[in-house]
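Remarks on the structure that follows.
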Amino acid sequence: MRTAVLNVGIRTVLLRRGPSGGIDGVFGAEGCGVRSILKELTARVGEAVARLDPQADPLVRPAADESHGDYQSNCAMSLAKKLGQPPRSVAERIAAALEVSDLCEPPEVAGPGFINFRLKADAMAHRLAEVPPAPAAGEDRVGIAPSDAPEKVVVDLSSPNLAKEMHVGHLRSTVIGDCAARILEFLGHDVIRENHVGDWGTQFGMLVAYLRRTHPDVLNRPDALQIADLEAFYVQAKALFDADATFKRESQEAVVALQQGDTATRRIWEAFCNESLRHCHRILDRLNVRVVDRGESYYNDLMPQVIDALERDGHAVESQGALCVFLEGFKTKEGEPLPLLVRKSDGGFNYATSDLATLVHRIRTLKARRIIYVVGVTQKLHFEMLFAAARKCGIAPPEVRLEHLAFGSMLSRSGAPFKTREGGTIKLKNLLDEAVAAARAVVESASGDEDGDEGAAPMSKRALSREQVEEIAETVGLAALKYYDLSHNLIKDYRFDIEAMTSLEGNTAPYLLYAYARIRAIGRRAGVDFATLSGSSPILLAHPTEQALARRILRLPEVIEQTGAELKPNLLTDYLYDLSKAFSRFYDRRLGVRVYDAPTGELRVSRLRLCDLTARSLKLGLSLLGIRTLEQM
RNA sequence: GCGCCGGUAGCUCAGGUGGACAGAGCAUCGGAUUUCUAAUCCGACGGUCGCAGGUUCGAGUCCUGCCCGGCGCGCCA
């Protein structure tokens, strides 16, 4: 699939070559300075290579080793094999046919047949100078244009069960799904964030019955329902259910009443779900995650229609009393065909039923062209079967992309399952509090010592009030949690390590947030308004650290694009860390350059603009991860 | 049993369709320095990329077998 995506991307660029000879790619809209250099070079190499083989992939990528330049093309080697010619001579011919003098030094052929590109400093400077200033209000795109081929995308994220409180198991889906949605939105797509909450099933009969007993006034004032501890409420109801036969009967009757649409029962159920959703949104608000709530019950009426149609069309057949869709390639332990069960032998519906109905709704009503399920890897088989069944039954036509964005589990620091000492689930709220507390300790220890240790003097000028510390701790703590999650390969399990994630050193949110705050402080101290620094004066890239920083800033469009194409957030986190390290070197007193006391006024403005572009790139990148920045730390 | 996913430096992890000596952070050790927010920068140390074969000019990456760990495998979600 990855190959297909890349091929499509390349073809798109080639088709879009404008009369000017420039590439109006995803990042090349008029008036928006920064285009993806990777795309542009890919197009240029593609044109040169096409003379030898129209099918060949230009294989342009950032240089593996900076000593070889900024970008490299690896296409000559494989092409040479195909043509039966020496790879170096193929590379020489491609290099000779290339027209890249506006961007790069003359390309060099090296090693077995690599073609190396080194960007010209003035080309980089020119591109950076084209980036428009940040808008006074609203989103700063840092000069990156949105896609001109927007798609309707559904991201299925978070999706807790309303019977209980959100727990640590919901963190990854929420954070990863939000990140995917943000990146796709930024790229210009029309994203619907579906919070597919569990609001139906036998447990809700029990909860309704328990609510009747504990909150007799709920019917009179359903909106006033408050349950302080949802988890405890569930546990108490369950205990009574197991111990009390009368209550058990009431619960079962409530289930039936719910299914039959009994008004009073449904009002109680609704009151409970709304209260539970309020709990969810307290957490989602805190995480700054926006969703559309649409519970499983939303599909109640649709399910029988969908299933009846499957049965009528012969896609689903009865087996051992259950209605099944048989699919090729799936087997049971015994080697028998493994079907997807879409209706239980008791006539009831299950997970697969509601997922199929949900797909129908998303494709036919919401008109989604791409549906991304952000769900743990343990459900991989389920989604493979679901997708296969949806294809087979014609619910999902070929042009609709179905993706399971699978992620591994969050484990405890020791590598064991992440549970309380008693083996219970950990509430998500408690986890957030723990991260914020750890961040508070870090911020307090670094923001000037009230105990008055040796180095109090330099810190005193940014001593923070209690309120400021709280605000910073909240932002840093949640950022640390999200960033740590997103900076790992999604498919793998990872260990929850509060110290590592809140550390101020290394590839962490606190490091990046500090880097950002530090750059903003430069602007404040320099007494300039970055918004007015544009245009008039040039960007000068003479010093090696200036050039290194420029290179990093210019990679932002291609990194965002690739992160969105592959849905791998750690590509973006790695980039942001690399960018801020490049800034630290640029700003280093020994190996870097002077900024606001630069030798000339022109250099001062140029360097301040580099600071501004770095800060804006960091802010944009972090915002796509769902992380807020701070002007001061 | 079958299937899927992992196994990379002491630790935590990156490694785009096979490509240039396998990268980073932490930890450890050494250096810079009284500062443009040092919450920094530079350097060193550290790896038979689970094992064994194979394909290839070239394999952490592809193929086969095996070892270890995790997950999943008909009426839960």
Side-chain angles (χ1 to χ4, degrees), chain A residues 2-3 6-7 57 59 61-65 67-68 72 74 77-78 80-81 87 110-114 116 159 161 198 201 296 319-324 329-346 348 350-352 354-355 376-382 384 406 408-409 411 415 442-443 445-447 455 458-459 461-462 487-489 491-495 497 499-500 503-508 510-511 513-515 517-519 521-522 525-526 562 565-566 568 570-571 573-574 577-578 581 584-585 587-598 632-633:
Chain A
R2 178 181 296 151
T3 311
L6 280 175
N7 286 342
D57 189 326
L59 289 175
R61 59 191 60 171
D65 185 331
S67 67
H68 297 125
Q72 63 184 59
N74 301 341
M77 279 92 80
S78 55
K81 190 185 289 185
F114 299 103
N116 292 333
S159 302
N161 187 329
E296 290 172 348
S319 166
Q320 297 172 33
L323 191 66
C324 302
F330 299 96
K331 292 194 174 99
T332 68
K333 281 182 225 179
E334 292 74 31
E336 306 292 320
L338 174 68
L340 182 72
L341 271 67
V342 298
R343 191 175 64 208
K344 298 190 283 182
S345 53
D346 67 1
N350 62 9
Y351 191 34
S354 73
D355 273 343
V377 70
T378 58
Q379 296 191 46
K380 190 166 188 290
L381 180 62
H382 168 72
E384 283 173 358
S409 307
L411 306 173
V442 170
V443 171
S445 72
S447 73
M459 296 296 186
K461 66 187 172 196
R462 54 194 171 93
S487 61
H488 290 84
N489 187 334
I491 199 67
K492 291 191 189 179
D493 294 347
Y494 77 91
R495 298 168 180 228
D497 185 336
E499 305 232 334
S503 170
L504 279 157
E505 283 161 15
N507 187 8
T508 66
Y511 175 89
L513 289 173
Y514 178 70
R518 190 186 183 199
I519 300 169
I522 295 165
R525 177 156 177 183
Q562 194 195 351
E566 300 186 24
K568 289 168 75 168
N570 70 295
L571 298 176
T573 61
D574 286 355
Y577 183 56
D578 193 43
K581 276 195 299 188
S584 285
R585 289 186 204 108
Y587 198 63
D588 185 71
R589 61 179 280 96
R590 286 206 47 190
L591 298 175
V593 297
R594 306 302 293 175
V595 176
Y596 60 66
D597 53 355
Q632 189 185 1
M633 264 179 84

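In what follows, every heavy atom counts, from backbone to side chain, and hydrogens, waters and symmetry copies are set aside. First the proteins, then the strands, lettered A, B, ... as listed; each starts at 1.
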**A/R495 side-chain N/O to B/C11 phosphate OP1/OP2 under 4.0 Å** = no
Q. Side chain of A/Y514, base of B/U37: donor and acceptor closer than 3.5 Å?
A. yes
Pairing partner of B/C4, by Watson-Crick or G-U wobble and under 3.5 Å for both distances, is B/G70
Exercise. Identify whether any heavy atom of A/P510 sits under 4.0 Å from a base atom; if not, whether one sits that close to sugar-phosphate; answer base, sugar-phosphate or nothing.
Key: nothing
Winner on side-chain proximity to A/R525, out of B/U37, B/U35, B/G25, is B/U37
Inset, instruction - May I ask you to verify whether the side chain of A/Q562 and the base of B/G16 hold a donor-acceptor pair under 3.5 Å? - result: yes
Quiz prompt | Ring-base stacking, A/Y511 with B/A39 (5.5 Å, 30° cut-offs) | solution = no
ask   = So does A/N116 reach the base of B/A20 with its side chain, donor to acceptor, closer than 3.5 Å?
value = yes
message = Once hydrogens and angles are ignored, does a donor-acceptor distance under 3.5 Å link the base of B/U35 to the side chain of A/R590?
response = no
Give a yes/no on whether any side-chain N or O of A/K568 is located under 4.0 angstrom from OP1 or OP2 of B/G15. yes
Next on the checklist: Can you tell me if A/R594 touches the phosphate of B/C36, counting only side-chain N or O atoms and a distance under 4.0 Å to OP1 or OP2?
Outcome noted: yes
Atom pairs under 3.5 Å, N or O on each side, protein against nucleotides 72-75 of chain B: can you list them with distances?
{"from": "B/G74", "atom 1": "O6", "to": "A/Q320", "atom 2": "NE2", "distance (Å)": "2.9"}
{"from": "B/G74", "atom 1": "N1", "to": "A/S319", "atom 2": "OG", "distance (Å)": "2.9"}
{"from": "B/G74", "atom 1": "N2", "to": "A/S319", "atom 2": "O", "distance (Å)": "3.2"}
{"from": "B/C75", "atom 1": "O2", "to": "A/S345", "atom 2": "N", "distance (Å)": "2.7"}
{"from": "B/C75", "atom 1": "O2", "to": "A/S345", "atom 2": "OG", "distance (Å)": "3.4"}
{"from": "B/C75", "atom 1": "N3", "to": "A/S345", "atom 2": "OG", "distance (Å)": "3.4"}
{"from": "B/C75", "atom 1": "N4", "to": "A/Q320", "atom 2": "O", "distance (Å)": "2.8"}

- Hey, is the side chain of A/N507 pairing donor to acceptor with the base of B/C13 inside 3.5 Å? no
### Task
Describe the nucleic acid contact of A/K81 in one word from base, sugar-phosphate, nothing, applying a heavy-atom distance below 4.0 Å.
base
Query raised in the report: Just by distance, do the side chain of A/S503 and the backbone of A/A500 share a donor-acceptor pair under 3.5 Å?
Result: no
Practice item. For A/N74 and A/F114, run side-chain contact (heavy atoms from CB on, under 4.5 Å): C-alpha distance rounded to whole Å, both residues' side-chain angles, the deciding distance at 0.1 Å, then the answer. Key: CA-CA 5 Å; A/N74 301 341; A/F114 299 103; 3.3 Å; yes
Pairing partner of B/A9, by Watson-Crick or G-U wobble and under 3.5 Å for both distances, is none
With the side chain defined as heavy atoms from C-beta on, A/L59 is closest, among B/U56, B/C42, B/U17, to B/U17
As its Watson-Crick or G-U partner within any shown strand, both distances under 3.5 Å, B/C49 has none
Item checked: Under-3.5 Å donor-acceptor pair between A/Y587 side chain and B/C36 base -> yes
Exercise for the section: Give a yes/no on whether any side-chain N or O of A/R585 is located under 4.0 angstrom from OP1 or OP2 of B/C42. Expected result: yes
- Query: For A/V377, which contact category applies under a 4.0 Å heavy-atom criterion: base, sugar-phosphate, or nothing?
  - Reply: nothing
With rounding to the closest Å, how many angstrom separate the P atoms on B/C63 and B/G69? 24 Å
Taking only side-chain N and O atoms of A/K492, does any of them lie within less than 4.0 angstrom of OP1 or OP2 on B/A14? yes
Side-chain-base donor-acceptor pair under 3.5 Å for A/Q72 and B/A20: yes
From the candidates B/C26, B/A77, B/G19, the one with an atom nearest any side-chain atom of A/E505 is B/C26
In Watson-Crick or G-U wobble terms, with both distances under 3.5 Å, the base opposite B/A22 is none
